[in-house]
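Just so you know, these numbers come straight off a predicted model, no measurement behind them.
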Amino acid sequence: MEHDHGSGVRSGGGRSGPGLVVAVDGPGGSGKSTVAKAIARRLGLRYLDTGAMYRAVTQLALEQRIDLEDPQAVAELAERAVLTSGTDPDGPTISVNQVRVDAEIRTRAVTNAVSAVSAVAVVRRRLVGQQQQIITGAVDTSGGIVVEGRDIGSVVAPDAPVKVFLTASTEVRALRRSRELGEKGVDDVARTLAELGRRDELDSTRKVDPLQAAPDAIVVDSSGMSVDEVVAEVLRHIAAAGFAAAIPGSAP
């Protein structure tokens with residue numbers, strides 16, 4: 001594993017010293033990426049999309065025609081793959097074996113296959129360890145990091161001082177995801193709605209690290225909220241957690 005900000009390891013990948021770790025979890029289409037990057041930019045922190053790492057392994061598996069129903073084959077592929085995550089919120093990147101795959105991992109084929117790959121216990125253990133290294137490195141060298149995914153607050157960074165579980169209605173999420181894919185037709189949205197429902201079911205019922213809100217996470221339903229409103233809500237919780245000084249323009 002390679003990344004661009006340190007390589008120290010601490011149990012749980014949580015806070016170290018004055019560093020801030022913000023965990024943003026939630027299902028697909030809930031607005032995690034947009035909100036997490038906005039928070040990171042606002043606070044001058046690093047940013048990590050853990051889902052991109054699972055997507056990168058999935059894209060490689062599809063490219064190499066690995067049987068996704070064969071956990072051992074998928075696990076061996078993940079063990080061999082060298083992932084490199086760039087953590088600049090203005091231009092996050094993901095590479096596999098030194099090849100950038102930022103666009104390739106966002107295809108519908110990868111989206112529909114990633115749940116099978118992310119359910120493999122060996123894959124999760126490997127990637128969680130790498131994610132914790134990135135978090136520790138960012139805390140040590142850059143003041144902190146905003147991390148988004150599906151198990152950040154519950155597994156990857158259980159000691160994070162700020163945990164947000166961002167959600168929205170399935171219909172709203174389907175519309176958002178269809179727009180991301182450049183699709184506007186009613187049939188496209190209906191297909192996306194069905195695919196989101198299927199992925200929600202797979203991710204929330206898998207045996208290893210299922211999608212769920214951490215007990216101490218703040219649940220934010222973004223269905224009727226603008227991005228700015230969601231960001232403001234998260235910033236309020238960051239201030240309440242004792243990090244008001246990290247927020248530009250905050251009252252002393």
* Give a yes or no on this: more than 12 heavy atoms of other residues, nucleotides or ligands lie within 6.0 Å of atom CZ of Arg108. => yes

* Might you point out which heavy atoms bring Val162 and Ala241 nearest each other, and give the distance in Å? => CG2-CB, 3.7 Å

* salt bridge (charged side-chain N to carboxylate O under 4.0 Å, His left out) evaluation trace for Arg236 with Glu233 -> CA-CA 5 Å; Arg236 280 195 289 272; Glu233 179 73 8; 2.4 Å; yes

* Asked: Do Val219 and Val35 belong to the same hydrophobic cluster, where Ile, Leu, Val, Met, Phe, Trp and Tyr are linked whenever their side-chain heavy atoms lie under 4.5 Å apart, directly or via other members?
  -> no

* Linking I/L/V/M/F/W/Y whenever their side-chain heavy atoms sit closer than 4.5 Å, directly or via other members, would Phe165 and Val230 fall into one cluster? -> no

* To do: Look at the side chain of Arg126 and the backbone N and O of Glu79, then say whether any donor-acceptor pair between them is shorter than 3.5 Å.
  => yes

* **Counterpart residues, side-chain hydrogen bond (donor to acceptor under 3.5 Å, both in side chains), relative to Thr111 (two or more places apart)** => Arg55

* Check Pro89 against Lys37 and note the closest heavy-atom contact, atom names and distance. => O-CD, 3.5 Å

* Rounded distance [0.5 Å steps], CD1 in Ile66 versus OG1 in Thr58 -> 12.0 Å

* Structure fact -> Between Pro27 and Arg150, the two heavy atoms sitting closest are C-NH2, 3.8 Å

* Okay, side chain of Lys32, backbone of Asp49: is any donor-acceptor separation there less than 3.5 Å? -> no

* Asked: Do Leu45 and Ile247 sit in the same hydrophobic cluster, where Ile, Leu, Val, Met, Phe, Trp and Tyr count as joined when their side-chain heavy atoms come under 4.5 Å apart?
  -> yes

* Asked: Checking Glu229 side chain against Ser226 main chain: does a donor-acceptor pair fall under 3.5 Å?
  -> yes

* Structure fact -> dist Leu211:CG -> Thr205:OG1 (nearest 0.5 Å) comes out at 10.0 Å

* Asp203-Ser115 side chain donor-acceptor pair, cut-off 3.5 Å -> yes

* **Heavy atoms from other residues, nucleotides or ligands near CD of Gln64 exceed 12 (cutoff 6.0 Å)** => yes

* Is Arg173 reaching over with its side chain to a backbone N or O of Ala168, donor-acceptor style, under 3.5 angstrom? -> yes

* Gap between atom CG of Leu20 and atom CD1 of Ile145 - 0.5 Å precision -> 10.5 Å

* To do: State, with a plain yes or no, whether a side-chain heavy atom of Ser154 is found less than 4.5 Å away from one of Asp209.
  => no

* Asked: Which distance, rounded to the nearest 0.5 Å, do you find between the CG of Leu48 and the OG of Ser85?
  -> 5.5 Å

* To do: Would you mind listing the cluster partners of Leu193? Hydrophobic ones only (ILVMFWY), side-chain contacts under 4.5 Å, chaining allowed.
  => none

* Looking just at side-chain N and O atoms, do Gln98 and Thr84 make a donor-acceptor pair shorter than 3.5 Å? -> no

* Would you indicate whether the side-chain heavy atoms of Val164 and Asp25 approach each other to under 4.5 Å? => no

* Asked: Any side-chain heavy-atom pair from Thr167 and Val220 closer than 4.5 angstrom?
  -> no

* Using modelled atom types only, decide if a donor and an acceptor are shared between the side chain of Gln132 and the backbone of Val156 within a distance under 3.5 Å. => yes

* Look up atom CG in Asp228 and atom CG in Leu235, then write down how far apart they are to the nearest 0.5 Å. => 10.5 Å

* Is there a donor-acceptor pair under 3.5 Å between the side chain of Thr192 and the backbone N or O of Ala174? -> no

* Under 3.5 Å donor-acceptor, Lys163 side chain and Ala23 backbone -> no

* Asked: Is it the case that one hydrophobic cluster holds both Leu202 and Val110, taking links as side-chain heavy atoms less than 4.5 Å apart, direct or via other members?
  -> no

* Minimum heavy-atom distance between Ser30 and Ser222, given as atom pair plus value -> O-OG, 3.1 Å

* Should Val208 and Ile152 be regarded as members of a common hydrophobic cluster, given that ILVMFWY residues are connected when their side-chain heavy atoms come within less than 4.5 Å of each other, either directly or indirectly? -> no

* Asked: What distance do Leu60 atom CG and Ile105 atom CD1 have between them, rounded to the nearest 0.5 Å?
  -> 12.0 Å

* Asked: So, the side chain of Arg176 versus the backbone of Gly29: is there a donor-acceptor pair under 3.5 Å, distance only?
  -> yes

* **By side-chain hydrogen bond (donor to acceptor under 3.5 Å, both in side chains) - contacts of Thr170 (at least two apart)** => none

